[in-house]
Amino acid sequence: MNQRSSNLLDEALGLDQVIEPWPLRGQVVAIEDQVETSGSFVLHHLLKRSLSPNSSNVTIFIAFSQPFSHYDRILRKLGCNLVSQRDNSRFFFFDMLKLQCPDEGITPEGGLIALYGKIHKTISALPEISWKNVSIIIDDLSLMEVAANGSSDYVLDFLHYCRTLTSEFDCSLITLNHEDIYSSEDRPTFFIQMEYLADILIKAEPLATGLATDVHGQLTVSNKGRNKVSNFHFKVKENVVECFYPGRS
Amino acid sequence: MAESICRALRDGALEGELAPALTIKDSVASPFALQVFSHVLSQLFSSILAGKSQSRGLVVVSFSRSPSFYLDLLKNKGTDIASSNNQIQILDCYSDPLGWKDQLAGSRNFTALSNEVLVSSTAIVFREVKHMDKLYNSIIELGKGLVGGGKIRFSIAIDSVDEMLRHAPVSSVARFLSNLRSHDQISSIFWLLHSDLHEARVTAVLEYLSSIVASLEPSHQLANGQRGDLENFSLIKHNSKKGKFHVRFKKRNGRVRVMSEEVHIELSGINFTSLPSEGAINQGLVPKVQFSLQLSEKERIDKANVVLPFEHQGNGKPIQIYDGRRSLVDGKHERPFAAVENVQTNENCGSGEIIYYRDSDDEMPDSDEDPDDDLDI
């Protein structure tokens, strides 16, 4: 049963009990990963939780990384049908893979302003009672920076405005970023800025002891709101992710 | 010590002098500047309401958090905001700092939501954060709106300078802060800074502009590159709730006073306590095992008394390293178990000894020969 094995992650995020109203409302969740330990599974897990039949959550998914079919395939294995959710207006997919088209007059800043406007409009169109159950998911920030021609300033401005959405609508913002892209910089400002903005920080790292067959990596969840830090190991399987404390796989 | 900071801000500026300025800085390893900032803000505002401070009003320039965050904060501290909005005003640089909402409203059917009535009477939205001059004028205008013209002063809290530095060069920000400090209606000013977002020189510029610098550091430094192991996790956990708080005061008489405290972060807020002694901190981290890792006093003395065979004793005598053979260079017949070359006139009977027996008398001392050379393989 999926519920049981992801419990540690759900517990750390406050998703283990009721999910209506959405426990992550009004919060910024930042997922950080590395090449050896991809954090996409956390994103998929949160997406699945958000679209659970027990809730009325709406998810706005901003994809810079993969097309719709990729997420559809993965979520199907986790037991969630994205196509029907999209048809029921519970799942809005903004395909940003084509953002980098050389249109006249669309500056990177202009593109991001328009994207913000589109998100704002989508949420405003929902009934007011649903606003706090909206999750905005961005996959991922480093590719957004690429789409903005490397200008991290515009991306930070955009993220700031997304954060104002969490205050305005009480919705949640979930982002994914890659730590090792910025590790060579003296001062990875863009990366550190997200750590300051995040209310919940989820880091997926390899084990200190190196590769292993039974354990794919470790997750450290820092929940500022609850003043709690958790650490546990994980293993990504075909249909599920198992999370367990070290030594008990 | 946090009390001293609040007192300094409360007392405010002397006639003809710059207003006291406080920098609260932190880093990702101990990101508690916001809690300290909130604490200082609520303390200062309480003094303003009670009439115990030089300043008669507070202007909060909020970049990183929505105005409702500050209003809720003060409400939770027991302040009645509704009746005190002639003593606090918030310049809202958070909701629409770059005017994007205006731009979008102009082009499409973008419906901006109206703010709560309570918020809008206390908060003014500012949309041009790249223009330091306009920002300066807006702040002064807001402050004068609170306290009137003349000699009455007001205080300013900026959350945070990092956002300002993103939108304007450091020289403009420095000039902006300097002008505020020298304005004769400003009683005190304080701001929040995340030091790892900027170059060292930028942080240095802001520290030079401040009369008080409060910095937060982690209780335990983590070893870089070793993020993965369990011991490091317990340090991370420790650091997420505690930190060290260092304050440097530049006094009017030119002296500098440095103080340190410990901070504890709880859900209810922040607490300041005096620093425990070093031993107490280390005690908590020594792993609990079944054998003794400490040395008793006697053991420590005995250890100090052991003279190692290669040591100089520093008293001019030539060193003779005993190599385990009965006959030595000077032909003296010595007992084979004293490996030390010099006699220690130490009354302490607990002197340590090293006992060394040579394997074979045939070998020359310190021979480089490989003893396996004569093997016939």
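Letters go in sequence order (proteins before strands), and every chain restarts at 1.
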Look at the aromatic rings of A:H160 and B:Y94 and report parallel, tilted or perpendicular, splitting at 30° and 60°.
perpendicular
Please round to the nearest 0.5 Å and tell me the distance separating atom NZ of B:K101 and atom OH of A:Y161.
7.5 Å
Heavy-atom closest pair (B:P31 atom, A:Y196 atom, distance to 0.1 Å) is CB-CE2, 4.1 Å
Please step through side-chain contact (heavy atoms from CB on, under 4.5 Å) for the pair B:L104 and A:H120, ending with a clear verdict.
CA-CA 10 Å; B:L104 286 164; A:H120 193 281; over 6 Å; no
Which atoms of B:D96 approach chain A - backbone, side chain, both or neither, heavy atom under 4.5 Å
both
Distance check, rounded to the nearest 0.5 Å: A:E168 atom CD versus B:S66 atom OG?
10.5 Å
Measure A:S230 against the heavy atoms of chain B and call it side chain, backbone, both or neither at under 4.5 Å.
backbone
Would you indicate whether B:D133, at its atom CG, is surrounded by more than 12 heavy atoms from other residues, nucleotides or ligands within a distance under 6.0 Å?
no
Less than 4.5 Å to any heavy atom of chain A: does that hold for the side chain of B:F69, its backbone, both, or neither?
neither
Assess whether atom CD of B:E266 is packed by more than 12 heavy atoms of other residues, nucleotides or ligands within 6.0 Å.
yes
Name the region of A:L156, side chain, backbone, both or neither, that has any atom closer than 4.5 Å to a heavy atom of chain B.
both
Heavy-atom distance under 4.5 Å to chain A: side chain of B:H167, backbone, both or neither?
side chain
Tell me, for B:S240 versus chain A, whether the close heavy atoms (under 4.5 Å) come from the side chain, the backbone, both or neither.
both
B:E199 versus chain A, heavy atoms under 4.5 Å apart: side chain, backbone, both or neither?
both
Bottom line for A:R163: the part with an atom under 4.5 Å from chain B's heavy atoms is both
Of the non-hydrogen atoms in B:V28 and A:I192, which two are nearest, and what is the gap between them?
CG2-CG2, 3.2 Å
Contact part of A:F158 toward chain B, heavy-atom cut-off under 4.5 Å: side chain, backbone, both or neither?
both
Here the gap from A:N227 atom CG to B:H264 atom NE2, rounded to the nearest 0.5 Å, amounts to 12.5 Å
Taking all heavy atoms of A:L112 and all of B:W100, pick out the closest pair and write down the distance.
O-CZ3, 4.2 Å
Check each of B:K241, B:H238, B:K237 against A:V229 using the side chain to side chain contact (heavy atoms under 4.5 Å, CB included) test, and report the only one that passes.
B:K237
